[in-house]
Amino acid sequence: MIRVTLKPRIGDVKLAKLSSTGINALYRELEESGSTRGTPLAPRSVRLAAAVLSMSLRAAVEAEPPLLSRNPAAKATPPRLQDVEASELLAWSSAQLDAFLTWAAEHDPEHVALWYVAATTGMRRGELLALDWRDVKGDVISVYRNARPGPGGKPVLGPAKTRKSRTVDLDDETVAVLKAWRVRRGGLHLSLAQDGSPVFGNENGQRLTPKTVSAAFDRAVARCRKTLGEDALPRLTLHGLRHTMVTIWLTAGVPVKVVAERAGHTVAMMLTTYAHVIPGSQAAAAKQVAALRRPAAPTGDEAAADSPNLRVLKRKNPGQSA
């Protein structure tokens, strides 16, 4: 964060010259063009940069002797948490996703399989890039590794983000897409379709880098929006395909636990983050509780015994039995 994001922008600014106004300008710059590709940096990443900067400046204040009299980041305003949640939950509808994948099948054949698997499995970018063909068995993908950017941007393999392995079941269309993609890879060179080769790699059999893949998706979305119209397809990041899958599944009424297992989330996190897209949760709960409060409707003799005419008769002749 310091090397890539902060130092290139404020590394030559003297500590005494740092101000909350200047730091706010830095945050806004990061929001507009802070990624290594010059595209907007995700609000969560901006907040991370703000945390690193604030901790560093606090250390300068607490140093002996102090390097600063006060922390100028303390009064700066990074993106709010609600802004982070809103930006990260951008998702396409089923129709918009179908439109993009249909377009990609014709205009972006080099990446359509990657976009398709990302959209239908909800896997993270690093999880997709870490896949080898041995991890794809029939209609199941085993997820246990993650590819993160390393030195020079090259992917470095490590454990999955949550450090827990999981399996992801595939629908028939996704299985067909992957089979066709493997045949295409094998047509370039047989070694590219072997079990130990990456599912999503270049022509030399090397894994695609996270930066390259995100940039390719940004270009694909931009081209698709020009074809379909900007109003027809909102701008979305590659991570947005993951939110699209989760949103579509939850909206369709798939149990939260099932979706959480598929996405590699906890149920608690899923309920907190996606509660607004779980259909009818409050309405269904309200009806259930109302049914518990409402007494059961009388039937047969009970209904007759409690009829209005009989109640009047009882009041007129209190000593007379029914």
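The shown structure was predicted, so the numbers you read here are calculated from the model rather than taken from an experiment. The basis for the numbers below is simple: all heavy atoms, side chains too, and nothing from hydrogens, waters or symmetry mates.
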- prompt: If every non-hydrogen atom of Leu6 is compared with every non-hydrogen atom of Ala49, which pair is closest and at what distance?
  reply: CD1-O, 3.9 Å
task: Kindly indicate whether the side chain of Val61, heavy atoms from C-beta on, has any atom under 4.5 Å from the side chain of Ser69.
output: no
message: Going by the rule side chain to side chain contact (heavy atoms under 4.5 Å, CB included), which residues pair with Asn146 if we only count those two or more places apart in sequence or in a different chain?
response: Glu127, Arg148
message: Between Ser45 and Leu41 (side chain of the first, backbone of the second, donor and acceptor by atom type, cut-off under 3.5 Å), is there such a pair?
response: no
message: Before you tell me yes or no, could you show the steps for Glu32 and Arg28 under salt bridge (Lys or Arg N to Asp or Glu O under 4.0 Å), namely the whole-Å CA-CA distance, both residues' side-chain angles and the distance that decides it to 0.1 Å?
response: CA-CA 6 Å; Glu32 293 175 3; Arg28 303 296 86 79; over 6 Å; no
message: Checking the side chain of Arg47 only, and the main-chain atoms of Pro78 only, is there a donor and an acceptor separated by less than 3.5 Å?
response: no
Could you go through residues 8-21 and list every donor-acceptor pair under 3.5 Å that involves a side-chain atom there, pairing it with any protein atom two or more places apart or in another chain?
unit_1, atom_1, unit_2, atom_2, d
Arg9, NE, Glu29, OE2, 3.2
Arg9, NH1, Thr5, O, 2.9
Ser19, OG, Gly22, N, 3.1

- line: Hits for side-chain hydrogen bond (donor to acceptor under 3.5 Å, both in side chains) against Asp108, two or more places apart or cross-chain, chain-then-number order -> His111, Trp115
task: Return each pair, listed once, that meets salt bridge (charged side-chain N to carboxylate O under 4.0 Å, His left out) where at least one residue sits in residues 245-256; pairs must be two or more places apart or across chains.
output: none
- prompt: Any side-chain heavy atom of Pro210 within less than 4.5 Å of one from Leu129?
  reply: yes
field: More than 12 heavy atoms of other groups within 6.0 Å of Asp195 CG
entry: yes
query: Would you say Leu188 has more than 12 foreign heavy atoms packed within less than 6.0 Å of its CG?
result: yes
task: Check whether any side-chain N or O of Asp139 sits under 3.5 Å from a backbone N or O of Leu170 as a donor-acceptor pair, and report yes or no.
output: no
query: So, Arg182 side chain and Ala193 main chain: donor-acceptor pair closer than 3.5 Å or not?
result: yes
message: Show, in sequence, the C-alpha distance, side-chain angles and deciding distance for Val140 and Val168, and conclude whether the side-chain contact (heavy atoms from CB on, under 4.5 Å) test is met.
response: CA-CA 6 Å; Val140 175; Val168 178; over 6 Å; no
- request: Identify, with sequence neighbours excluded, every residue that meets salt bridge (charged side-chain N to carboxylate O under 4.0 Å, His left out) alongside Arg207.
  value: Asp132
- line: In short, Val221 meets Trp92 closest at the heavy-atom pair CG2-CH2, 4.0 Å
- request: Give a yes or no answer on whether the side chain of Trp181 reaches the backbone of Val199 with a donor-acceptor pair at less than 3.5 Å.
  value: yes
- prompt: Is it true that a side-chain atom of Glu62 and a backbone atom of Ala59 form a donor plus acceptor pair closer than 3.5 Å?
  reply: no
message: Keeping Thr212 on the side-chain end and Leu208 on the backbone end, is there a donor-acceptor pair under 3.5 Å?
response: no
Set of residues satisfying side chain to side chain contact (heavy atoms under 4.5 Å, CB included) with respect to Val256, sequence neighbours excluded: Leu250, Val267, Met270, Leu271, Ile278
query: Taking all atoms of both residues into account, what is the closest heavy-atom pair of Gln206 and Pro198, and its distance?
result: C-CG, 4.3 Å
- line: Here the gap from Ile141 atom CD1 to Arg166 atom CZ, rounded to the nearest 0.5 Å, amounts to 10.0 Å
message: With a 3.5 Å distance limit and no angle check, can you tell me whether Asp135 reaches the backbone of Val143 through a side-chain donor-acceptor pair?
response: no
NZ/NE/NH1/NH2 to OD/OE distance under 4.0 Å, Glu203 and Arg185: no
query: Quick one: are Arg125 and His239 in side-chain contact, heavy atoms under 4.5 Å?
result: no
- prompt: Would you say Arg223's side chain and His107's backbone share a donor-acceptor pair under 3.5 angstrom?
  reply: yes
Close aromatic pair by centroid cut-off 6.0 Å: Tyr116 and Phe100: no
message: Does either side chain, that of His189 or that of Ser191, offer a donor lying less than 3.5 Å from an acceptor on the other one?
response: yes
query: Are a donor atom and an acceptor atom from the side chains of Thr174 and Thr120 found within less than 3.5 Å of each other?
result: yes
